[in-house]
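Just so you know, ligand 1 is whichever comes first in the structure, and atom 1 is the first atom listed for that ligand. The first residue of the sequence shown is numbered 1, and numbering continues consecutively from there. All values below were derived from every heavy atom in this structure, side-chain atoms included, with hydrogens, water molecules and symmetry-related copies excluded. Please read all numbers here as calculations on a predicted model, not as lab measurements.
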Amino acid sequence: MSASVHARGVRKSYGLVEVLHGIDLEVAAGEVVCLLGPSGSGKSTFLRCVNHLESINGGELEVAGELVGYRRDGDKLRELTDRETAATRSRIGMVFQHFHLFPHLTALGNIMEAPVRVLKRPKQDVRRDAMALLDRVGLADRCDAYPSQLSGGQQQRIAIARALAMSPQLMLFDEPTSALDPELVGDVLDVMRGLAKDGMTMLVVTHEIGFAREVADRVVFMDAGLVVESGPPRQVLDEPREARTKEFLAKVL
Ligand SMILES: Nc1ncnc2c1ncn2[C@@H]1O[C@H](COP(=O)(O)OP(=O)(O)OP(=O)(O)O)[C@@H](O)[C@H]1O
Ligand SMILES: [Mg+2]
């Protein structure tokens with residue numbers, strides 16, 4: 001299977017401070033990779049580089065065989081404009097810790113927005129697909145609710161449906177359940193589990209070790225801007241090789 005995400009030597013600096021020191025990471029099509037690591041290790045920064053919400057300062061990053069945010073010019077990479085990146089980015093769904101729904105749109109409106117505005121698809125078709133997505137995340141009966149009328153877990157499920165409405169080839173999740181009350185976490189993880197089962201390619205930053213153990217094909221542990229180790233969940237979570245992984249797991253388990 002071709003790699004869906006192919007990161008080689010990805011470096012990222014903010015000003016003079018380098019926070020990603022050369023990340024190598026692959027996610028195959030259909031694979032679920034969970035990214036773990038201490039606060040400040042660069043997990044969110046890396047995810048943001050994958051869909052070019054951040055530019056990179058070294059290395060290269062491809063999604064589904066295409067550079068994201070750059071084009072090759074001889075042996076150099078030239079950064080594309082936002083407009084030029086939009087098509088590639090629209091194939092990458094992203095779900096954040098804080099849901100970032102449009103407050104003035106209903107659940108249905110949130111899901112329909114991008115397919116109508118960006119893809120210019122007919123409203124009627126988009127509505128039909130959006131209703132199917134609402135059903136998939138268990139919220140068909142809340143289609144007319146505004147974000148403020150929904151629980152955090154419901155808002156997050158709408159955010160997932162909104163991302164799916166663009167038919168992404170890859171879904172990025174950045175601690176999607178970290179802001180939720182414990183009793184709301186399960187419904188969101190269930191939706192993610194379903195997606196994984198349906199073969200979606202997923203890169204998930206999470207502190208939910210149970211989810212990683214059960215759903216991930218591979219777990220990647222990052223620390224201080226580098227991948228420390230990666231492998232099948234059992235190996236990384238139960239028999240970590242590196243001291244830093246052991247130390248981290250001792251704290252979170
Ligand atoms: N916009 C920014 N400007 C300057 N420094 C930043 C910026 N964003 C992140 N950083 C720094 O980059 C490093 C990595 O941050 P990042 O948010 O990627 O970590 P993380 O692994 O996602 O942490 P957490 O688990 O707390 O979410 C940190 O030292 C952070 O302070
Ligand atoms: Mg983060």
Counting both backbone and side chain atoms, is some N or O of H207 under 3.5 Å from an N or O of ligand 1? no
Can you tell me how far the CZ atom of F221 sits from the CG atom of L35, to the nearest 0.5 Å? 10.0 Å
Closest approach of any protein heavy atom to atom 27 (O) of ligand 1, naming residue and atom: E175 OE2, 3.5 Å
Check for me whether G37 has a heavy atom closer than 4.0 Å to any atom of ligand 1. no
Between R162 and F102, is any pair of side-chain heavy atoms under 4.5 Å apart? yes
Considering only the protein, which heavy-atom contact is closest to atom 26 (O) of ligand 1, and what is its distance? S39 OG, 2.6 Å
So, R78 and D73, do they make that salt bridge, N to O below 4.0 Å? yes
Is there a side-chain contact between I160 and F173 in this structure, where contact means two heavy atoms from C-beta onward sitting under 4.5 Å apart? yes
Numbered atoms of ligand 1 (with element) below 4.0 Å of G40, judged on heavy atoms: 13 (C), 14 (C), 19 (O), 20 (P), 21 (O), 23 (O), 24 (P), 26 (O), 28 (C)
Side chain to side chain, L172 and I92, heavy atoms closer than 4.5 Å: yes
Heteroatoms of the protein, restricted to N/O/S, which lie under 2.8 Å from the Mg ion (ligand 2): S44 OG
Taking 4.0 angstrom as the limit and counting only heavy atoms of P38, give me the atoms of ligand 1 inside it, by number and element. 21 (O)
Between D144 and T106, is there a side-chain donor-acceptor contact under 3.5 Å, judged purely by atom types and distance? no
What protein heavy atom sits nearest atom 11 (C) of ligand 1, and how far away is it? V19 CG1, 4.0 Å
Closest to atom 17 (O) of ligand 1 among protein heavy atoms sits S44 CB, 3.8 Å
Residue pairs passing the salt bridge (Lys or Arg N to Asp or Glu O under 4.0 Å) test with at least one member in residues 193-202, sequence neighbours excluded, are R136-D198, D190-R193, R193-E214
Ignoring angles and geometry beyond distance, decide whether K43 reaches within less than 3.5 Å of ligand 1 through its nitrogen or oxygen atoms. yes
Heavy-atom protein neighbour under 4.0 angstrom from atom 30 (C) of ligand 1: no
of all protein heavy atoms, closest to atom 9 (C) of ligand 1 is Y14 CE1, 3.5 Å
Is a donor from one side chain sitting under 3.5 angstrom from an acceptor on the other, for E60 and H6? no
Counting neighbours of CD on E183 that are heavy atoms of other residues, nucleotides or ligands and sit closer than 6.0 Å, is the number greater than 12? yes
Compute whether any side-chain donor of one residue and acceptor of the other, for E229 and T245, lie under 3.5 angstrom apart. yes
Does any non-hydrogen side-chain atom of D238 lie less than 4.5 Å from one of R213? yes
If we only count N/O pairs under 3.5 Å, is F46 in contact with ligand 1? no
Backbone, side chain, both or neither: what part of T45 comes under 4.0 angstrom of ligand 1, heavy atoms only? both
Is it the case that atom CZ in R241 sees more than 12 heavy atoms from other parts of the structure closer than 6.0 Å? no
